[in-house]
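What follows is a set of notes on a single structure, which appears directly below.
So you know, we letter chains A, B, ... as the sequences are listed, proteins then strands, and number each from 1. Computed from a prediction, not measured in an experiment: that's the story for all the values here.
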Protein chains: 2
Amino acid sequence: MSLPHAILTALLEKPSSGLELTRRFDKSIGYFWSATHQQIYRELGRLEAEGLIRTLPSQQPARGQKKSYEVLPAGRAELARWTAAAQDPKPQRDVLLLRLRASAVVGTAGLEADLRRHLELHRRQLAEYQEIEKRDFPPDRGAPEDRLRHLVLRAGIDLETFWTQWLTHALAEFSALPDTD
Amino acid sequence: MSLPHAILTALLEKPSSGLELTRRFDKSIGYFWSATHQQIYRELGRLEAEGLIRTLPSQQPARGQKKSYEVLPAGRAELARWTAAAQDPKPQRDVLLLRLRASAVVGTAGLEADLRRHLELHRRQLAEYQEIEKRDFPPDRGAPEDRLRHLVLRAGIDLETFWTQWLTHALAEFSALPDTD
DNA sequence: CTCAACATGTAAGTAGTTACATGATTTT
DNA sequence: AAAATCATGTAACTACTTACATGTTGAG
């Protein structure tokens, strides 16, 4: 049950319409919680039905017409409750590691090329994060909210750094491997 | 569509029954692809219907009675195909980072305790991985399959190392933060 | 003979994905 | 007036989760 809370956070940062939220989920929040526009519209409907958000006044609801939402006090309270509540980490799911393990059994043919591709993708993502860090988080210590957001970005940067290093190491191992296929 | 391939890999490593697979998914493969026994039984049924696996001969199927499976040639071929096929990395989903971002808006009350708990969990997981590394992967270079499996374990170790470091850093930031709640 | 542990399964619900539908507004 | 883009939505499907059901085997 995280998508509704991701949306509440985004709406508290700035009231938005469904499509605007979708765009913001394509960057920023979407870096660690992705969502499609279908998910978002459905969830906006639910949140409104539960009285956690409402459409901005002075907007007639109509298909094809923009409809912006804002968070109600009950929504903010629910978000605070959820943020503070203990939650166990979800078990990892990583397809690439699974494929590597499978390749130990059925051979590594074809896998190396995709590792290379992933390395390139992670390098690009890392560069994008570093760009954001340079732009939005100058070295002087900012307001507490900014320091928290910087922490989140740091996690993204460090994770992408891990992947680029690990993939580089994996590719080096691959080239030292006899062709097993 | 990764679960069936995780199961094929596990069965190729060693023919097993549903419960045995469940146990192995609680460690080893489950470290990066978790699954419950319900998922596994359902998937075993599908894989058998598709002709990718079969029950070991000399076993009468009966409820409550152990039923072991082995991979058929078609199953091995499908696993090899899937391993070699290019796949985009799935977008990240991390609840803890989402909660941290929410805390920038609704306050950090309660979150610190859970960060501490997560740090402890990741430390334990890291210790477990390092134990496995010491036991199963001695420093001399083993067979190619072992080197591939070691690579997978290295990813687990490095990821847990990242989390312990990042959480330590985050907690240090927290204690330097004014109470915003 | 009862109880715990082993073993396989069914049912119902939630979350996420993919494909498609429809109206409104702006551009050419 | 046609095409592109903006904007909101429906429908169907797949994967995963949670709760429960049922039979078998071995220990005390």
Any N/O pairs under 3.5 Å between the protein and nucleotides 18-20 of chain C? List them or say none.
unit_1: dA19(C); atom_1: N6; unit_2: Gln38(A); atom_2: NE2; d: 2.7

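Contact check of residues 80-94 of chain A against DNA chain D (heavy atom, cut-off under 4.0 Å) returns Arg93(A). Listed in residue order, the members of residues 19-31 of chain B having a heavy atom less than 4.0 Å from DNA chain D come to none.
For the ring pair (Phe, Tyr, Trp, His ring centres under 6.0 Å) test, residues two or more places apart in sequence or in another chain that qualify with His37(B) are Tyr41(B). In terms of the ring pair (Phe, Tyr, Trp, His ring centres under 6.0 Å) criterion, Phe32(A) has no residue partners (sequence neighbours excluded). Applying the side-chain hydrogen bond (donor to acceptor under 3.5 Å, both in side chains) test to Thr161(A) and every residue at least two apart in sequence or in another chain returns nothing. Partners of Glu120(B) under the side-chain contact (heavy atoms from CB on, under 4.5 Å) rule, at least two apart in sequence or in another chain, are Arg123(B), Arg124(B). Scanning for side-chain hydrogen bond (donor to acceptor under 3.5 Å, both in side chains) contacts around His122(B) gives Glu160(B), with sequence neighbours left out. For Glu128(B), the side-chain hydrogen bond (donor to acceptor under 3.5 Å, both in side chains) test picks out Tyr31(B), with sequence neighbours left out. Qualifying side-chain hydrogen bond (donor to acceptor under 3.5 Å, both in side chains) partners for Asp114(B), counting only residues two or more places apart in sequence or in other chains: Arg99(B), Arg117(B). Here Lys14(A) pairs with Ser16(A), Arg24(A) under the side-chain contact (heavy atoms from CB on, under 4.5 Å) rule; sequence neighbours left out.
Taking atom CZ of Arg46(B) as the reference point, atom P of dT10(C) lies 12 Å away to the nearest angstrom. As a whole-Å value, the separation of Glu43(B) CD from dG9(C) P is 14 Å. Rounding to whole angstrom units, CE of residue Met1(B) and C1' of dT14(D) are separated by 9 Å. Distance, Lys67(A) NZ to dC6(D) C1': 15 Å, rounded to whole Å. At whole-Å resolution of the value, CD in Glu48(A) and P in dT8(D) are 12 Å apart.
The phosphate of dT8(C) has OP1 or OP2 within less than 4.0 Å of a side-chain N or O from Tyr41(B).
Comparing dG9(D), dA7(D), dA15(D) by their closest approach to the side chain of Tyr69(A) singles out dG9(D).
Counting all heavy atoms, side chain and backbone alike, Ile40(A) lies closest to Gly18(A) at CG2-O, 4.1 Å.
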Next item on the list: For Ser2(A) and Arg93(B), run side-chain hydrogen bond (donor to acceptor under 3.5 Å, both in side chains): C-alpha distance rounded to whole Å, both residues' side-chain angles, the deciding distance at 0.1 Å, then the answer.
Entry: CA-CA 9 Å; Ser2(A) 299; Arg93(B) 292 236 164 100; over 6 Å; no
Which donor-acceptor pairs under 3.5 Å do side chains of residues 79-87 of chain B form with protein atoms, sequence neighbours excluded?
unit_1: Arg81(B); atom_1: NE; unit_2: Glu78(B); atom_2: OE1; d: 2.9
unit_1: Arg81(B); atom_1: NH2; unit_2: Glu78(B); atom_2: OE2; d: 2.8
unit_1: Thr83(B); atom_1: OG1; unit_2: Leu79(B); atom_2: O; d: 2.7

